[in-house]
Amino acid sequence: MNNINIEKYKATKDFKISENETFEDFGKSDKELKKDLSKVRRELGEFQDTIYAHGKYSILVCLQGMDTAGKDSLIREVFKDFNVSGVEVHSFKVPTELELSHNYLWRHYLVLPAKGKFGVFNRTHYENVLVTRVHPEYILNEHIPGIHTVEDIDQKFWDKRFEQINDFERHLAENGTLIFKFFLNLSKEEQRQRLLRRLAIKEKHWKFSPGDLKERKLWSVYQKCYEEAISKTTHDHAPWFAVPADNKKATRVIVANILLQSLKKYKDIKEPMLSEKIMANLDSYEEQLQSEQ
């Protein structure tokens, strides 16, 4: 299913969540969507081998979305056909004391993907302009000079942080990191249904936290923060994609297609050629190995 128009999902500078769909199925059944994903992720896995051999680009995939948006299962399904040595997943939770003793981007720098590899951030450096913006009291734990109370955290503070994040991503891009940022656009009603399933199914109880309900009450605040964060940080070198998240199977197909179509535009990504000297002696090397029989 490589005919998906990926530009449809690319966020613009005037991004509005309300103007983007939360549901997609392409008129297909779950079985058909699963088959589509199987095909595209196999191609993506094969291309990952080429990226690894090429060894000049690293790929950073950033996943953001409200609780229950499907980030974990998306990672499991989209990257299933990857060589495990070629992809690393990092989930960023509440910062530790050690992490808080450094600047807020420090822990993200530490786990950036090496050249030839994919890095997947499950929640990202954008938590620092999302959760902390909804709960600005968290910023006080960062011990930033000049920030003594919540009242010190004004719009200029957030604008500066957006600028810092843009600089961070520009630096990565200029040094060979291809960045893809996905906002999993979940509807409030679908989140309610998923939370109810976590309560109803014993095997899913571990996923539920009363804190999810507290954060749900701040839904409209989060949506506003997401809109500003995305509109101020989407760029050609680090684009945001708003992907419908109410139908997980379609979400996975869209994300996999965006990655595959975008990466295949880099025509310089090829398996390296052997040197002329080695090529000229291939028969000799083969003879040496055959003679060992």
Side-chain angles (χ1 to χ4, degrees), residues 1-12 15-51 59-84 86-87 89 118 120-123 178 180-201 203-204 207 226 230 239-266 269:
M1 192 176 180
N2 294 324
N3 58 342
I4 289 180
N5 178 15
I6 65 174
E7 293 299 316
K8 172 183 177 181
Y9 305 102
K10 188 175 287 188
T12 60
F15 175 74
K16 299 294 181 187
I17 292 178
S18 61
E19 296 175 0
N20 289 265
E21 299 293 334
T22 62
F23 181 86
E24 179 60 86
D25 64 4
F26 301 106
K28 296 190 173 187
S29 66
D30 285 353
K31 185 176 181 180
E32 290 172 319
L33 288 171
K34 189 175 181 179
K35 185 177 180 180
D36 287 341
L37 176 61
S38 180
K39 181 178 184 299
V40 70
R41 78 181 175 202
R42 185 166 56 251
E43 290 184 51
L44 191 58
E46 291 171 355
F47 196 61
Q48 179 250 326
D49 286 336
T50 302
I51 291 172
I59 319 299
L60 178 60
V61 179
C62 299
L63 301 177
Q64 284 286 163
M66 297 295 285
D67 291 327
T68 77
K71 297 180 290 295
D72 291 331
S73 61
L74 184 149
I75 293 169
R76 181 187 70 234
E77 296 299 325
V78 169
F79 299 97
K80 185 176 285 185
D81 290 339
F82 274 46
N83 183 320
V84 293
V87 59
V89 179
F118 278 67
V120 183
F121 284 3
N122 182 352
R123 296 190 183 277
L178 307 181
F180 300 90
K181 301 178 292 190
F182 296 99
F183 167 56
L184 305 188
N185 190 15
L186 184 73
S187 69
K188 192 174 183 180
E189 173 57 23
E190 179 61 22
Q191 188 196 59
R192 186 177 77 90
Q193 294 297 333
R194 292 182 185 181
L195 288 172
L196 284 171
R197 283 197 289 276
R198 289 182 177 183
L199 292 171
I201 302 173
E203 290 74 19
K204 293 184 179 292
K207 291 186 175 183
Y226 264 108
I230 291 172
W240 273 104
F241 296 90
V243 181
D246 283 3
N247 180 352
K248 289 185 178 181
K249 289 182 173 57
T251 304
R252 298 162 188 165
V253 170
I254 295 168
V255 169
N257 269 278
I258 289 173
L259 289 172
L260 182 62
Q261 289 187 39
S262 300
L263 290 171
K264 285 202 167 182
K265 291 179 181 178
Y266 290 84
I269 299 179

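We number each residue from 1, following the sequence as shown. As a basis for the values below, the full set of heavy atoms in this structure was taken, side chains included, without hydrogen atoms, waters or symmetry mates.
Ile269 has its side chain within reach of Phe47: a pair of non-hydrogen atoms, C-beta onward, lies under 4.5 Å apart. For the pair Asp246 and Leu186, the minimum side-chain heavy-atom distance is below 4.5 Å. Taking 4.5 Å as the limit, some side-chain heavy atom of Phe183 sits within range of a side-chain heavy atom of Ile17.
Here the rule is side chain to side chain contact (heavy atoms under 4.5 Å, CB included) with Leu259, and of Val40, Val61, Ile6 only Val61 fits it.
Atom CD1 of Ile4 is separated from atom OH of Tyr9 by 6.0 Å, given to the nearest 0.5 angstrom. How far CD1 of Ile75 is from CG of Asn122: 4.0 Å, rounded to the nearest 0.5 Å. One finds the NZ atom of Lys10 at 11.5 Å from the NZ atom of Lys181 (value rounded to the nearest 0.5 Å). The distance from the NZ atom of Lys204 to the CZ atom of Arg197 is 7.5 Å, given to the nearest 0.5 Å. To the nearest 0.5 Å, atom CD of residue Glu21 and atom OG of residue Ser187 are 11.0 Å apart. Here the CD1-CG distance, from Ile59 to Leu44, works out to 9.5 Å after rounding to the nearest 0.5 Å.
Heavy-atom neighbours of Phe23 CZ from other residues, nucleotides or ligands within 6.0 Å: above the threshold of 12. Remark: Lys16 NZ is loosely packed, at most 12 non-hydrogen atoms of other residues, nucleotides or ligands lying under 6.0 Å away. Within a 6.0 Å radius of NZ in Lys34, other residues, nucleotides and ligands contribute 12 heavy atoms or fewer.
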Item to complete: Evaluate the side chain to side chain contact (heavy atoms under 4.5 Å, CB included) criterion for residues Ile258 and Phe182: first the C-alpha distance (whole Å), next the side-chain angles of each, then the deciding distance (0.1 Å), finally the verdict.
Response: CA-CA 10 Å; Ile258 289 173; Phe182 296 99; 3.8 Å; yes

Worksheet item: Given the rule in the side chain to side chain contact (heavy atoms under 4.5 Å, CB included) test, do Trp240 and Phe15 qualify, once you have shown the distances and angles that lead to the verdict?
Response: CA-CA 10 Å; Trp240 273 104; Phe15 175 74; over 6 Å; no

Item to complete: For the pair Gln193 and Glu189, evaluate side chain to side chain contact (heavy atoms under 4.5 Å, CB included) and give the outcome as yes or no after the intermediate values.
Response: CA-CA 6 Å; Gln193 294 297 333; Glu189 173 57 23; 2.8 Å; yes

Worksheet item: Do Leu263 and Phe118 pass the side chain to side chain contact (heavy atoms under 4.5 Å, CB included) test, and can you show the C-alpha distance, the side-chain angles, and the key distance before you say yes or no?
Response: CA-CA 12 Å; Leu263 290 171; Phe118 278 67; 3.7 Å; yes

Discussion item. Between Glu190 and Arg194, does the salt bridge (Lys or Arg N to Asp or Glu O under 4.0 Å) criterion hold? Intermediate values first, please.
Written reply: CA-CA 6 Å; Glu190 179 61 22; Arg194 292 182 185 181; 2.8 Å; yes

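Here the side chain of Asn247 pairs a donor or acceptor atom with the backbone of Glu24 at under 3.5 angstrom. No donor-acceptor pair closer than 3.5 Å links the side chain of Gln191 to the backbone N or O of Thr68. Looking only at distances, no side-chain donor or acceptor of Arg41 sits under 3.5 Å from a matching main-chain atom of Asp81. In this structure, the side chain of Thr22 does not engage the main chain of Pro244 through any donor-acceptor pair within 3.5 Å.
Ion pairing between Glu77 and Lys248 fails under the 4.0 Å rule for side-chain N and carboxylate O. Comment: Asp36 does not engage Arg252 in a salt bridge, judged by the lack of any side-chain N to carboxylate O separation of less than 4.0 angstrom. Here Glu32 does not pair with Lys39 in a salt bridge; the nearest charged N to carboxylate O distance is not below 4.0 Å.
A parallel orientation is assigned to the rings of Phe180 and Phe241, their planes being inclined by less than 30° (bins at 30° and 60°).
Contact record, Gln48 with Asn83: OE1-N, 3.1 Å, taken as the closest heavy-atom pair. The minimum heavy-atom distance linking Ala245 with Ala69 is given by the pair CB-O, 3.9 Å.
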